There are 2 protein chains.
Amino acid sequence: MIKEISEQSLRRLPQYLIILQKFLTEGRLYCSASHIADAMQISAIQVRKDLAKIATDEGVPNQGRKVNQLIRDIETFLGYNTVSEAVIVGVGMLGRALISYKGFHDYGVKIIMGFDAATQDIFTINKTPIYSVKVMPNLVKRMRVKIGIITVPKDQAQAVCNQLLDAGVQAIWNFAPVHLDVPEHVIVHHENMAESLAVISNKLKKQGEKS
Amino acid sequence: MIKEISEQSLRRLPQYLIILQKFLTEGRLYCSASHIADAMQISAIQVRKDLAKIATDEGVPNQGRKVNQLIRDIETFLGYNTVSEAVIVGVGMLGRALISYKGFHDYGVKIIMGFDAATQDIFTINKTPIYSVKVMPNLVKRMRVKIGIITVPKDQAQAVCNQLLDAGVQAIWNFAPVHLDVPEHVIVHHENMAESLAVISNKLKKQGEKS
DNA sequence: CTTAATTCGATATTTAATTATCGACTTTAT
DNA sequence: ATAAAGTCGATAATTAAATATCGAATTAAG
């Protein structure tokens, strides 16, 4: 059964999670939609509607919802309990940062290996083995990895993408600042820091013009 | 004069840019909204409306727009020509990756220095000087830096945020997976990889259920 | 020279997302 | 006990975003 949820709501859920975890550390057992909304500076109604979509139990009037239950519900909805395996291609600065990032584990993603062109010998980063990119197709096929993360320089990104798809990867998470051409059904997510920067500097500009 | 543009359009502009650059390398001098739309798998009407908002000259029927002019227009709109200075606090793996990332330069952002708690001696990463976090408030104040990038562990993020704001920073770009409390007028952008992952794994899930 | 194919830009239309309103229900305080 | 404040959930209204439609314009092909 597919729960329909808009991408906008979906993107807010992890943000709620971060606020809920803060509430937990503050020792709050219950919280209302308005509490979350205040922290995020969005409307309480919006939060309430989002939560209604994913919560398993009902809220209590004048009290809200149980924080820990809500966290569980969001995590379950986002699939943090079922681990998806991923590989990363490109072990430069960014690749290393992603491999070392412990957060993925919380998010139900495990980077099981990395590949790099400059590597002949096998070595590890934080216990994650790094192989030569030459053996990538074989290994990825054998392990039936679902997610391929691309952190190579932009002139290599398309080639790596093609190889990953050939090897059976179902989704591409691309950090190279280049557009990837893929068949229609393939899932590609382009991570582009320029997007965030666009939002930030637009806000800065607006604020500057106010004065 | 403030050009009104929705955050959604704003986020698409950098994506157009990436596609346009690809067109340039392919030697295309003109392109239409539908060409861009095809590459991104969104509707041509949407692209056309976005472009109408930021283009300085008109498109030509049955030909489209000049690619290089369009690139210039988007870059100008996004402020890639006027450099904003930023500092980064937290020089771990992620911090290093951001400092080394050459893309920022293209996006009109320059990380002029970094700070880290573990640093006593001054050193540099890619010519960017790294100082002890102790001298941060002073330096940031003196240089009137606008943007503060936070890449410290989550338990230090709020403290660093407060210090940056005290030092006069106008916008915070937070990579720590924790919510930051800030005064209302302050610009905060939370970079949360879980957001992207939520989108990706939701798509994966849907695709899995189709079969 | 004419026709067909594209594209633009402007104006609807439709769809989706956000916000508002309201009655019912709990807790807390008086 | 009673009143007040806060919350939920459902439905309605509003706003914003995406899509559709159409005439005019330009190029390319026949």
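Worth saying up front: this structure is predicted, and the values here are computed from it rather than measured.
- Within the 4.0 Å cut-off from OP1 or OP2 of D:dT7, at least one side-chain nitrogen or oxygen of A:Ser32 is found.
- Cation-pi contact between B:Lys110 and B:Tyr80: absent, since separation from the ring centre below 6.0 Å together with deviation from the ring axis within 45° is not met.
- When distances run from any side-chain atom of B:Pro61 to the nucleotides C:dG9, D:dT26, D:dA18, the shortest one goes to D:dT26.
- Spacing between atom CD of B:Glu7 and atom P of D:dA17 amounts to 10 Å, rounded to whole angstrom units.
- In this entry the distance linking NZ of A:Lys66 with C1' of D:dC8 reads 16 Å, nearest Å.
- Atom CD1 of A:Ile45 and atom P of D:dG9 are 14 Å apart (whole Å).
- For B:Arg48, taking side-chain heavy atoms from C-beta onward, the closest of the listed nucleotides C:dG9, C:dT26, D:dA17 is C:dG9.
- Taking only side-chain atoms of A:His35, from C-beta outward, the nucleotide of C:dC8, D:dT7, D:dA17 with the closest atom is D:dT7.
- Among the protein residues, B:Ser9 comes within range of no part of the nucleic acid, since none of its heavy atoms lies under 4.0 Å from any strand.
- In this structure, B:Leu70 atom CG and C:dT7 atom C1' are separated by 14 Å, rounded to whole Å.
- Residue B:Gln46 places at least one side-chain N or O under 4.0 Å from the OP1 or OP2 atom of D:dA18.
- Under 3.5 Å, the side chain of B:Asn62 and the base of D:dT27 form at least one donor-acceptor pair of N or O atoms.
- In terms of position on DNA chain C, the residue among A:Gln63 and A:Lys49 whose nearest nucleotide sits closer to the 5' end is A:Lys49.
- The two residues A:Val91 and A:Arg96 make their nearest non-hydrogen contact at O-NE, 3.4 Å.
- Which of D:dG9, D:dA17, D:dA18 sits closest to the side chain of B:Arg12 comes down to D:dA18.
- In terms of heavy-atom proximity, A:Lys53 sits nearest to A:Ser9 at NZ-OG, 3.2 Å.
- Residue A:Ala44 is classed as having no contact, given no heavy-atom separation below 4.0 Å to the nucleic acid.
- The two residues B:Gln15 and A:Asn192 have their closest heavy-atom pair at N-ND2, 4.4 Å.
- Across the protein-nucleic acid pair, B:Asp50 atom CG and D:dT19 atom P stand 11 Å apart, rounded to whole Å.
- One finds the CE atom of B:Met93 at 11.5 Å from the CG atom of A:Leu94 (value rounded to the nearest 0.5 Å).
- If you take CG of B:Leu10 and C1' of D:dA17, they are 15 Å apart, rounded to a whole angstrom.
- Side-chain proximity of A:Ala33 to the nucleotides D:dT26, C:dT18, D:dC8 is greatest for D:dC8.
- Ranked by how close their nearest DNA chain C nucleotide is to the 5' end, B:Ser34 and A:Ser43 are led by B:Ser34.
- Rounded to whole Å, the distance from CG on A:Asp57 to P on D:dT7 is 17 Å.
- Heavy atoms of B:Arg65 sit under 4.0 angstrom from primed sugar atoms or phosphate atoms, though from no base atom.
- Taking atom CD of residue B:Gln8 and atom C1' of nucleotide C:dA16, one finds them 11 Å apart after rounding to whole Å.
- Ring geometry for B:Phe175 versus B:Trp173: interplanar angle of 30 to 60°, hence tilted.
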